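What follows is a short report on a single structure.
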Amino acid sequence: MKHIVKILSLLVAISAFWIGLLQAAIIPRSHTWLLPIYFVVSLGCYGLLMVGIGLMQFPTCPQEAVLLQKDIAEAKDFFKHRGVDVGSN
Amino acid sequence: MADEMENKGEKKFKYSIIIPTYNERLNIAIIVYLIFKHLRDVDFEIIVVDDGSPDGTQEIVKQLQQLYGEDRILLRARAKKLGLGTAYIHGLKHATGDFVVIMDADLSHHPKYLPSFIKKQLETNASIVTGTRYVKGGGVHGWNLMRKLTSRGANVLAQTLLWPGVSDLTGSFRLYKKSVLEDVISSCVSKGYVFQMEMIVRATRKGYHIEEVPITFVDRVFGTSKLGGSEIVEYLKGLVYLLLTT
């Protein structure tokens with residue numbers, strides 16, 4: 001099944017649930033009408049939260065740049081007398 | 001380790017490493033050196049797909065072939081810049097390994113992670129092992145705050161919309177079973193980094209077993225912002241395309 005069909009089915013299911021709530025009037029109708037807005041806002045907040053957390057926990061590796069320079073020097077040294085041209089660009 | 005495996009009667013696998021290059025005259029030599037350094041007991045070949053680099057990359061590759069052997073380093077060049085997807089397809093045609101590794105030539109992908117890709121695949125029998133920069137043990141160096149923010153935002157959006165099953169969608173340091181790569185690549189049509197996303201999303205949809213290993217990524221393009229407005233638009237268009245067609 002294509003992914004978009006899955007997502008649309010999910011939305012249809014949620015909508016059906018919402019319409020059911022409207023008709024059944026378990027929650028006062030004035031609240032029920034606002035539910036989709038709450039849903040979208042919560043989704044947005046959740047997204048922002050995920051971005052924020054991800055940003056704070058973003059893994060960095062400054063030591064890798066140093067190690068890379070070492071590797072480059074090692075490689076250049078290896079090639080110097082082995083017929084591979086490793087002069088700078 | 002090779003002797004142990006032969007004694008146990010286990011099959012020894014061969015790995016084809018495809019590296020598309022364009023103007024990587026210096027980096028290609030270093031990357032070849034590092035691959036040989038980190039894959040000492042592994043049967044592999046390096047396939048360099050050069051798109052007619054004007055800086056003499058191909059001459060360097062030929063020198064490397066003299067040193068390491070033409071059976072270990074294959075130069076399969078093309079006349080001009082023809083794009084990443086077709087470079088992989090071109091490399092695949094000449095690959096004789098059981099597995100194919102794709103990686104960048106600019107040293108943002110470090111060959112020292114190759115053993116961990118191989119190990120992960122052998123442990124889990126995964127169809128694809130993809131490198132991820134975004135988990136503990138991985139990381140990125142050389143990105144400013146704005147770049148990290150864009151990356152996180154893009155990732156959260158992609159996760160919400162696509163449920164891709166991997167933490168790093170745009171990464172291009174991956175190991176594939178050869179048949180799996182052939183299958184996935186034949187159904188991909190995007191260009192650039194959206195192509196990398198399409199590959200992994202289509203693989204997920206097809207039900208392939210995908211594993212991740214942490215990798216570190218040292219951005220080699222210092223000072224230039226690779227993420228302008230047009231890139232963001234391309235990305236969003238790519239997301240919508242993947243949302244609707246996968």
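Computed from heavy atoms alone, side chains included, the values below leave out hydrogens, waters and symmetry copies. Below, chain A is the first sequence line, B the second, and so on; all start at residue 1. Predicted model, so just to flag it, every value in this text is computed and none were measured.
Separation of atoms CZ (A:Phe58) and CH2 (B:Trp143) is listed at 5.0 Å; rounding is to 0.5 Å. Separation of atoms CG (B:Leu243) and NZ (A:Lys2) is listed at 11.5 Å; rounding is to 0.5 Å. If you take OG1 on B:Thr160 and CG on A:Leu43, they are separated by 6.5 Å, rounding to the nearest 0.5 Å. The structure places CG of A:Asp71 at 8.0 Å from OH of B:Tyr33, a figure rounded to the nearest 0.5 Å. A:Leu68 contributes atom CG, which lies 8.0 Å from atom NZ of B:Lys112 (distance to the nearest 0.5 angstrom). The structure places CZ of B:Arg133 at 11.0 Å from SG of A:Cys61, a figure rounded to the nearest 0.5 Å.
In summary, B:Arg25 and A:Asp85 engage in a salt bridge, as defined by a charged side-chain N under 4.0 Å from a carboxylate O.
Closest of all the heavy-atom pairs between B:Lys148 and A:Thr60 is NZ-CG2, 3.4 Å. A:Ala65 approaches B:Val218 most closely through the heavy-atom pair N-CG2, 4.1 Å.
The contact between B:Lys37 and chain A is made entirely by side chain atoms (from C-beta outward), counting heavy-atom distances below 4.5 Å. The part of B:Leu67 that comes within reach of chain A is its side chain, from C-beta onward, which places non-hydrogen atoms under 4.5 angstrom from that chain. With a 4.5 Å cut-off on non-hydrogen atoms, A:Gln57 does not touch chain B at all. Of the atoms belonging to B:Val32, not a single heavy atom falls under 4.5 Å from chain A. For B:Leu34, the part sitting under 4.5 Å from any heavy atom of chain A is the side chain, from C-beta outward, and nothing else. Using a 4.5 Å cut-off between heavy atoms, B:Tyr68 contacts chain A through its side chain alone, with no backbone atom that close. Both the backbone and the side chain of A:Leu55 have a heavy atom closer than 4.5 Å to some heavy atom of chain B. Heavy atoms of A:Ile53 lying under 4.5 Å from chain B are absent altogether. Heavy-atom distances place both the backbone and the side chain of B:Val140 under 4.5 Å from chain A.
Distance alone, capped at 3.5 Å, is enough to place a donor-acceptor pair between the A:His3 side chain and the B:Leu161 backbone.
Taking a 6.0 Å sphere around CH2 of A:Trp33, one finds it holds 12 or fewer heavy atoms contributed by other residues, nucleotides or ligands. B:Lys191 NZ: 12 or fewer foreign heavy atoms inside a 6.0 Å radius.
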Q: For side-chain contact (heavy atoms from CB on, under 4.5 Å), just list the numbers for B:Thr245 and A:Ile4, CA-CA rounded to whole Å, side-chain angles, deciding distance to a tenth of an Å, and then say yes or no.
A: CA-CA 8 Å; B:Thr245 62; A:Ile4 186 71; over 6 Å; no
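The most heavy-atom pairs under 4.5 Å with chain B, out of A:Gly47, A:Gly52, A:Pro59, come from A:Pro59. When the candidates A:Gln63, A:Arg82, A:Met50, A:Glu64 are compared by the number of heavy-atom contacts under 4.5 Å with chain B, A:Glu64 comes out ahead. With respect to chain A, the highest number of heavy-atom pairs below 4.5 Å among B:Leu149, B:Leu242, B:Leu162 belongs to B:Leu162.
In this structure the side chain of A:Phe79 never reaches within 4.5 angstrom of the side chain of B:Ile30, judged on heavy atoms.
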